[in-house]
Structure formats: structure tokens, C-alpha cells
Amino acid sequence: MSTVQKDLAGVEAAAEDIPLESLDVSQAHLYQNDSWRPYFARLRREAPVHYLADSANGAFWSVTSWPLIKEVDTSHNVLSSANGISIVEPPPDSEGAQREAQMNSFISMDPPDHGAQRNTVQPAVAPRNLAQLEPLIRERAADILDNLPVGETFDWVDRVSVELTARMLATLFDFPYEDRRKLIYWSDTITNVPQVTGDDSIDMEQR
């Protein structure tokens with residue numbers, strides 16, 4: 001058995017040994033180590049709607065099967081996004097709760113408000129507009145791939161995923177191209193929850 005197979009077997013065994021009521025998929029190390037799959041596989045198999053009463057992030061529900069996720073996503077009259085979408089819920093009088101309420105992002109809105117906000121930005125990513133952007137998207141993707149390091153380890157997320165996203169967001173927002181990484185930084189600053197992401201390096205006061 002290879003080292004990779006042994007590591008995978010160990011992760012699967014760990015996921016199976018944890019009492020179901022204590023299974024916590026909000027732990028940052030599961031994603032840092034790419035060991036989350038067996039945990040979700042068990043939830044889908046045994047408890048596709050799962051309640052965790054106690055974690056570093058407080059109590060929360062996990063919904064892990066496709067039909068149920070779809071039902072949650074389309075049942076805004078029962079399951080609302082209006083009070084926030086973060087897994088961590090700060091006390092009502094905390095700065096975090098006030099900040100989330102003030103943001104009033106369209107991803108934390110229910111219909112009909114959500115639809116009105118979405119319609120405002122939808123033309124930018126309409127098929128016709130994306131077809132016009134296709135040559136630029138291909139050019140930038142090729143430039144990024146052609147300039148990746150050869151023969152050495154690198155961070156794919158930062159060098160490819162984030163960089164391509166930053167380049168295209170700068171184009172869509174008509175934002176200064178040389179400052180494109182600020183868009184990613186600001187987005188990460190607003191949405192960062194260290195208990196979930198495992199990243200406490202973003203200083204909210206410096207954003």
C-alpha cells in the first residue's frame with residue numbers, strides 16, 4: 001500500500017470513528033489537509049441533515065445531499081439568508097453582526113430583493129458579453145499558464161485561480177488593472193472567518 005493510500009485510509013477511519021453527533025465539518029484543518037471528503041461522505045450516507053450542537057463556530061446545521069441542498073436553496077420563505085450566511089453567528093450587539101447587517105450583500109438577500117440586485121449585474125456576465133470577452137479570457141489564461149514555474153512546487157490557487165479571477169474582475173468592474181489584487185484582498189477581508197478558514201492573518205482594521 002502506498003503512502004497516499006495509507007493516509008487516505010487513515011482519514012477515512014478517523015471519519016468513521018467520530019461519534020456522528022460530534023462530526024464537525026467546519027474544522028479548518030479538513031480543508032487545509034484536503035481530508036474533508038470522508039466526513040461529507042459519511043454525512044450524506046448517515047445524516048444528510050445534520051445538527052452539531054457545539055463547535056468552535058457555535059451550533060450549526062449541515063445539509064449534504066443534492067436534493068436537500070436544492071430544497072434549501074429554493075425555499076427562501078422557510079429558510080432565509082436575510083439574517084446572514086456565515087457559519088459563525090456573532091452576538092447581536094457585536095461589531096461583526098453590525099458589519100454583516102450593514103453590508104447587505106445581495107447573496108444574503110431573499111427574493112424579491114435578491115432578484116433585483118442580481119439583475120443589475122447580470123448583463124455583465126450575459127452570454128453575449130462573455131462571448132465578446134472570450135478572446136481576452138483565453139489570452140489571460142494562456143499568459144498565466146505559460147508563466148507558471150517549471151520543476152518546482154507552487155500554489156495553484158494563488159498563481160492561477162485567484163490571479164485569473166482578479167484579472168477578469170478588474171475588467172468587469174473597470175478597476176485599475178495594476179491594483180486588481182486589492183479586489184481579492186477586500187473580498188477576503190469582508191468574508192474571512194478564522195474559525196472556518198484557519199486564516200487569522202487578515203487584519204480587519206487594515207482593510
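Not measured: the values here are computed from a predicted model.
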Here the gap from Ser62 atom OG to Leu43 atom CG, rounded to the nearest 0.5 Å, amounts to 6.0 Å
Grouping I, L, V, M, F, W and Y whenever their side-chain heavy atoms are under 4.5 Å apart, do Tyr185 and Val160 come out in a common cluster? yes
Please name all residues satisfying salt bridge (Lys or Arg N to Asp or Glu O under 4.0 Å) with Glu71, sequence neighbours left out, ordered by chain then number. none
Separation of Gln122 CD from Gln117 CD (nearest 0.5 Å): 13.0 Å
Side chains of residues 138-148: which donor-acceptor pairs under 3.5 Å do they make with residues two or more places apart or in other chains?
residue	atom	partner	partner atom	Å
Arg138	NE	Glu134	OE2	3.0
Arg138	NH2	Glu134	OE2	3.2
Arg140	NH1	Arg167	O	3.0
Arg140	NH1	Thr171	OG1	2.5
Asp143	OD1	Asn147	ND2	3.1
Asp143	OD2	Arg167	NH1	3.0
Asp143	OD2	Arg167	NH2	3.3
Asn147	ND2	Asp143	O	2.7

Once you round to the nearest 0.5 Å, how far does CD1 of Ile184 lie from CG of Leu169? 5.5 Å
Does Asn119 have more than 12 heavy atoms from other residues, nucleotides or ligands lying within 6.0 Å of its CG? yes
Do the side chain of Asp179 and the main chain of Lys182 share a donor and acceptor less than 3.5 angstrom apart? no
Shortest non-hydrogen separation from Asn129 to Ala124 and the atoms involved: ND2-O, 2.5 Å
Going by side-chain heavy atoms closer than 4.5 Å, which hydrophobic residues are tied to Tyr177, directly or by a chain of links? none
Answer with yes or no whether the hydrophobic clustering places Met168 together with Val157; edges join I, L, V, M, F, W, Y residues whose side-chain heavy atoms lie under 4.5 Å apart. yes
Rounded to the nearest 0.5 Å, how far apart are CG of Asp113 and NE2 of His76? 10.0 Å
Answer yes when Arg181 and Glu163 have at least one side-chain N-carboxylate O distance shorter than 4.0 Å, and no when they do not. yes
Kindly indicate, with the supporting measurements, whether the criterion side-chain contact (heavy atoms from CB on, under 4.5 Å) is fulfilled by Val25 and Thr64. CA-CA 11 Å; Val25 292; Thr64 51; over 6 Å; no
Is Ile69 reachable from Leu52 through a run of hydrophobic residues whose side-chain heavy atoms are each under 4.5 Å from the next? no
Is it true that Val49 and Leu79 fall in one hydrophobic cluster, defined by side-chain heavy atoms closer than 4.5 Å? yes
I'd like to know if the side chain of Thr74 and the backbone of Lys70 have a donor-acceptor N/O pair within less than 3.5 Å. yes
Return the CG to OG distance between Asp110 and Ser81, rounded to the nearest 0.5 Å. 5.5 Å
If you look at every heavy atom in Ser55 and Asp24, which pair is closest and at what distance? CB-OD2, 3.4 Å
The salt bridge (Lys or Arg N to Asp or Glu O under 4.0 Å) partners of Arg45 (sequence neighbours excluded) come to Glu16
Any link between Val63 and Phe60 through a network of hydrophobic side chains (Ile, Leu, Val, Met, Phe, Trp, Tyr) touching at under 4.5 Å? no
Here the gap from Phe175 atom CZ to Leu183 atom CG, rounded to the nearest 0.5 Å, amounts to 4.5 Å
Here the pair of heavy atoms bringing Ala53 nearest to Ala59 is O-CB, 3.4 Å
For the residue pair Ala166 and Arg180, what are the closest heavy atoms and their distance? O-CB, 3.6 Å
Just to verify, what does Glu46 make a salt bridge (Lys or Arg N to Asp or Glu O under 4.0 Å) with, not counting sequence neighbours? Arg42
Test: ring pair (Phe, Tyr, Trp, His ring centres under 6.0 Å). Region: residues 37-59. Which pairs qualify, not counting sequence neighbours? Trp36-Phe40, Tyr51-Trp61
